[in-house]
**Q** 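Quick one: the structure is below, and I'll ask about it shortly.
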Amino acid sequence: MWTRIGLATARQQLRVGGVPLIRCIAVRRPAVALSGAILRRNFSVSRIRGVAATGQTKTKRKTATRKSTKTAAKPKSAAKSGAKKPKARKTKKVAAKKKTVPKKKKAKKVLTEEEKRKLLIRELKKTAQVGAEPKPKPNNRRAVYTSEIDGWTREKFTEKLKTFNDVSASELERLETIAKNNRLEHAAALKAWVLARTPAEIVAINNARRRLHRLKVYTPRKLPVLEDERNPKRPTTPFLLFATERLAASNGSIIETSKAAAVQWKALSASERQPYYDNYAVDVTRYIQEYKAVFGQEPGFKKPATP
């Protein structure tokens with residue numbers, strides 16, 4: 001009969017009679033042969049069994065003591081877990097403010113006189129609204145005649161212009177009628193464009209256009225000053241009142257009459273000039289009232305001195 005004998009004391013390396021026992025060996029020998037071998041070495045099976053039993057009891061005791069200590073330690077851990085510590089309040093960390101470093105100011109570019117002039121002209125063109133008003137149609141007979149070219153080219157334009165003097169009278173009348181209608185249409189369109197803006201805007205446009213005339217960027221014919229019927233008529237000065245009287249009474253040319261009126265005005269005394277100054281004062285009050293009604297403020301102009 002084959003048996004497996006495991007010795008519990010082999011793990012603890014116990015010695016019996018100074019000879020170490022074999023670790024957990026599986027002996028494929030008959031039990032009688034094994035016991036005979038042990039007896040020949042003055043061992044007894046009962047002693048071996050007793051030693052194994054004592055080893056097993058010792059190990060059982062040790063494991064039992066370990067378990068008891070573990071079970072005894074569990075209530076402590078439970079007690080520790082039961083008594084919850086109060087949670088500490090989290091304090092928000094205040095972020096330190098970054099120091100603001102002042103930015104270095106860039107040095108302004110110094111403009112030359114030519115650059116300043118170009119910048120001024122650009123701003124004046126924007127204020128004057130150059131090219132914003134309706135464009136005029138051909139407003140004279142020659143312009144109407146040359147505009148009737150099919151596939152306009154410079155060569156065709158010069159050829160057409162050469163034949164303008166050979167046009168008949170009836171053709172000239174037709175061209176004049178077309179030109180007159182174009183002038184009326186352009187005047188109506190320009191008036192509507194002006195009335196679509198406030199009087200103050202038209203004043204600003206005209207002031208910018210006058211400055212462009214003085215800078216010789218545009219001519220008054222190329223960029224005319226706009227007429228606004230809403231603007232009050234400025235008061236007539238005493239000298240102009242005197243000159244209009246002389247022009248009405250004279251049959252000469254305007255230039256000669258104006259020169260003569262200037263000489264006569266200088267020769268007048270203060271009492272002779274006073275009536276013209278009185279008429280001017282009445283005209284000034286009229287102008288101030290109309291200006292306030294249109295622009296909502298008093299006009300700024302210098303009154304002429306007393307005679």
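Predicted model only: the values in this text are computed from it and were never measured.
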**Q** Checking the side chain of Glu171 only, and the main-chain atoms of Ser168 only, is there a donor and an acceptor separated by less than 3.5 Å?
**A** no

**Q** Could you tell me whether Arg142 and Glu176 have a side-chain N and a carboxylate O separated by less than 4.0 Å?
**A** no

**Q** Consider only side-chain heavy atoms of I, L, V, M, F, W and Y, link residues closer than 4.5 Å, and tell whether Ile178 and Leu172 are in one cluster.
**A** yes

**Q** Decide yes or no for Leu223 and His213: does some side-chain heavy atom of the first lie under 4.5 Å from some side-chain heavy atom of the second?
**A** yes

**Q** Are Phe164 and Val144 connected in the hydrophobic side-chain network, where two residues link if heavy atoms are under 4.5 Å apart?
**A** yes

**Q** How far apart are the closest heavy atoms of Ile205 and Ala128, and which atoms are they?
**A** CG2-O, 3.4 Å

**Q** For the pair Glu227 and Lys191, find out whether any cationic side-chain nitrogen is under 4.0 Å from an anionic carboxylate oxygen.
**A** no

**Q** For Pro232 and Tyr287, which heavy atoms make the closest approach, and how far apart are they?
**A** O-CE1, 3.7 Å

**Q** Could you tell me whether a side-chain N or O of Asn139 sits under 3.5 Å from a main-chain N or O of Ala179, the two making a donor and an acceptor?
**A** no

**Q** Could you report the tightest heavy-atom contact between Arg197 and Ile202, atom names first, then the distance?
**A** CB-CD1, 4.0 Å

**Q** Check for a donor-acceptor pair, side chain of Arg141 on one end and backbone N or O of Leu175 on the other, with a separation under 3.5 Å.
**A** no

**Q** Work out which heavy atom in Trp152 is nearest to a heavy atom in Arg154; give both atom names and the distance.
**A** CZ3-N, 4.0 Å

**Q** Rounded to the nearest 0.5 Å, what separates atom CG in Asp228 from atom CD in Glu201?
**A** 11.0 Å

**Q** Could you go step by step and tell me if Glu159 and Lys156 meet the salt bridge (charged side-chain N to carboxylate O under 4.0 Å, His left out) rule?
**A** CA-CA 5 Å; Glu159 290 178 2; Lys156 289 182 179 181; over 6 Å; no

**Q** Hey, quick one: are Leu215 and Val130 part of the same hydrophobic cluster, counting side-chain heavy atoms closer than 4.5 Å, chains of contacts allowed?
**A** yes

**Q** Identify the two heavy atoms, one from Pro224 and one from Arg209, that lie closest to each other, and give their separation to 0.1 Å.
**A** O-NH1, 2.7 Å

**Q** What distance separates Leu184 CG from His186 NE2, expressed to the nearest 0.5 Å?
**A** 11.5 Å

**Q** Any side-chain heavy atom of Trp193 sitting closer than 4.5 Å to one from Gln129?
**A** yes

**Q** With hydrophobic residues grouped by side-chain heavy-atom distances under 4.5 Å, do Leu119 and Leu124 end up in a single group?
**A** no

**Q** Once rounded to the nearest 0.5 Å, what's the spacing between atom CD of Gln297 and atom CD1 of Ile288?
**A** 12.5 Å

**Q** Salt bridge or not for Glu148 and Arg174, using N-O below 4.0 Å?
**A** yes

**Q** Would you mind reporting whether Tyr291 and Asn231 have side-chain heavy atoms less than 4.5 Å apart?
**A** no

**Q** How close do Thr236 and Asp283 get, heavy atom to heavy atom, and via which atoms?
**A** N-OD2, 2.9 Å

**Q** With no hydrogens and no angle check, is any side-chain donor or acceptor of Thr257 less than 3.5 Å from a backbone partner on Ile254?
**A** no

**Q** Test of understanding: clusters of I, L, V, M, F, W, Y form through side-chain heavy atoms closer than 4.5 Å, transitively. Do Val217 and Leu120 belong to the same one?
**A** yes

**Q** Does NZ belonging to Lys160 count more than 12 external heavy atoms closer than 6.0 Å?
**A** yes

**Q** So Leu190 and Leu226, side chain to side chain contact (heavy atoms under 4.5 Å, CB included) or not? Walk me through it.
**A** CA-CA 9 Å; Leu190 186 60; Leu226 302 174; 4.2 Å; yes

**Q** Sub-3.5 Å donor-acceptor pair from the side chain of Asn182 to the main-chain atoms of Pro138, do we have one?
**A** yes

**Q** Heavy atoms, side chains only, cut-off 4.5 Å: are Lys109 and Glu115 in contact?
**A** yes

**Q** Run the side chain to side chain contact (heavy atoms under 4.5 Å, CB included) check on Lys162 and Phe157 step by step: do they pass?
**A** CA-CA 9 Å; Lys162 289 176 182 179; Phe157 175 77; over 6 Å; no

**Q** Does a side chain donor of either Thr163 or Tyr145 reach within less than 3.5 Å of an acceptor in the other side chain?
**A** yes

**Q** So how far is it from Arg273 CZ to Leu241 CG, rounded to the nearest 0.5 Å?
**A** 13.5 Å

**Q** Would Leu240 and Tyr280 satisfy side chain to side chain contact (heavy atoms under 4.5 Å, CB included), going step by step from the backbone distance to the final call?
**A** CA-CA 10 Å; Leu240 288 177; Tyr280 173 72; over 6 Å; no

**Q** Taking the six-membered ring for Trp, are Tyr276 and Phe242 parallel (under 30°), tilted (30 to 60°) or perpendicular (over 60°)?
**A** perpendicular

**Q** Any side-chain donor-acceptor pair under 3.5 Å between Glu185 and Asn181?
**A** no

**Q** Return yes if some donor-acceptor pair links the side-chain N/O of Arg246 with the main-chain N/O of Ala262 below 3.5 Å, else return no.
**A** no

**Q** Can you measure from CD (Glu290) to OG1 (Thr285) and round to the nearest 0.5 angstrom?
**A** 10.0 Å

**Q** Going from CD1 on Ile121 to CZ on Arg211, what distance comes out if it is rounded to the nearest 0.5 angstrom?
**A** 10.5 Å

